[in-house]
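Position 1 is the first residue of the sequence; numbering continues from there.
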Amino acid sequence: MRKSFGWAVLAYLVPTFPLGYFWHLVTFADRYRALQMYRDEVLIPLGLASMLIQALVFAWAYPRLFPPDRTPWQRGAIGFACTFGVMAWSFAVLPVAAKYRMASVQDFIVLETCFTALQFAVVSPLIGLAHHLGGRKKATVASA
């Protein structure tokens, strides 16, 4: 369980940081600049801290909501993506669009919705596999 937890944390952190960095600060940097809502120098340590907290919570919650011994990893990954992807979107996209000044609310919602969908399409199967493989090794050892 402890090993699968660590792998699940990494399964979230390792793809999320580069994906977020390149999405927001490289690939769509001009589109985000046009929104006129972000500071010139982003505070990367705060973003990493946020991702670490999310990774710990998601790695802890996954096996409780989608038990690897009773849920096929594919179904767990889809359930995780639908549950936590929608939650993340509701925390990170809607309230920001509602509260912050920006040149185009619609452009922000489209960009961030696409980012959130891509992020959870990548991390959900990885977290599911981390818990599935960790649970499988445990079950194999127990049955031996």
Is there a path of hydrophobic side-chain contacts, each under 4.5 Å between heavy atoms of I, L, V, M, F, W or Y residues, that connects Val14 with Trp7? yes
What closest approach, in Å, do Ser90 and Pro95 show between heavy atoms, and which atom pair accounts for it? O-CD, 2.9 Å
Could you measure the distance from the CG atom of Leu25 to the CZ atom of Arg33? Nearest 0.5 Å is fine. 9.0 Å
Taking all atoms of both residues into account, what is the closest heavy-atom pair of Ala8 and Ala130, and its distance? N-CB, 3.6 Å
Hey, is the main chain of Pro67 close enough, under 3.5 Å, to the side chain of Thr71 for a donor-acceptor pair? yes
Could you see if Tyr32 belongs to whatever hydrophobic cluster contains Leu94? Use Ile, Leu, Val, Met, Phe, Trp, Tyr and a side-chain cutoff under 4.5 Å. yes
Linking Ile, Leu, Val, Met, Phe, Trp and Tyr by side-chain heavy atoms under 4.5 Å, what else ends up with Phe91? Met87
Between Val122 and Leu10, is there shared hydrophobic-cluster membership here, with clusters defined by ILVMFWY side-chain heavy atoms closer than 4.5 Å? no
How close do Phe120 and Pro125 get, heavy atom to heavy atom, and via which atoms? O-CD, 4.0 Å
Are Met51 and Phe17 close enough, and set up right, to give a side chain to side chain contact (heavy atoms under 4.5 Å, CB included), and what steps lead you there? CA-CA 8 Å; Met51 289 175 207; Phe17 179 75; 3.9 Å; yes
Roughly how far apart are Trp23 CH2 and Leu111 CG, rounded to 0.5 Å? 6.5 Å
Let's go through Phe115 and Leu19 carefully: what are the C-alpha distance in whole Å and the side-chain angles of both, what is the deciding distance for side chain to side chain contact (heavy atoms under 4.5 Å, CB included) to 0.1 Å, and is it a yes or a no? CA-CA 9 Å; Phe115 172 76; Leu19 180 62; 3.7 Å; yes
Hey, are Gln74 and His132 close enough side-chain-wise for a donor-acceptor pair under 3.5 Å? no
Excluding sequence neighbours, so at least two apart, what forms ring-ring contact (aromatic ring centres under 6.0 Å, His included) with Tyr12? Phe58
Within 6.0 Å of CZ in Phe28, more than 12 heavy atoms from elsewhere: yes
Closest non-hydrogen atoms of Pro18 and Pro15, given as atom of the first, atom of the second and distance, are CD-O, 3.5 Å
I need the minimum non-hydrogen distance between Ala92 and Phe108, along with the two atoms involved. O-CZ, 4.2 Å
Among Val123, Leu65, Ile127, which residue meets the side-chain contact (heavy atoms from CB on, under 4.5 Å) test with Phe84? Leu65
For Thr113, all residues meeting side-chain contact (heavy atoms from CB on, under 4.5 Å), sequence neighbours excluded: Trp89, Val93, Ile109
For Ser104, what residues pass the side-chain contact (heavy atoms from CB on, under 4.5 Å) criterion, not counting sequence neighbours? Leu35, Gln106, Asp107
Does a side-chain heavy-atom distance below 4.5 Å link Leu133 with Ser4? no
Check the pair Thr116, Glu112 against side-chain hydrogen bond (donor to acceptor under 3.5 Å, both in side chains), reporting the backbone distance first and the verdict last. CA-CA 6 Å; Thr116 303; Glu112 287 298 294; 5.1 Å; no
Can you find a heavy atom in the side chain of Arg75 that is under 4.5 Å from one in the side chain of Ile78? no
Compile the donor-acceptor pairs under 3.5 Å between side chains in residues 37-44 and protein atoms, sequence neighbours left out, one pair per line.
none

Give me the atom names and distance for the closest heavy-atom approach of Ala103 to Ala34. CB-O, 3.2 Å
Aromatic ring centroids of Trp60 and Phe5 under 6.0 Å? no
Suppose we screen for side-chain contact (heavy atoms from CB on, under 4.5 Å). Which residues come up paired with Tyr100, at least two apart in sequence or across chains? Val96, Met102
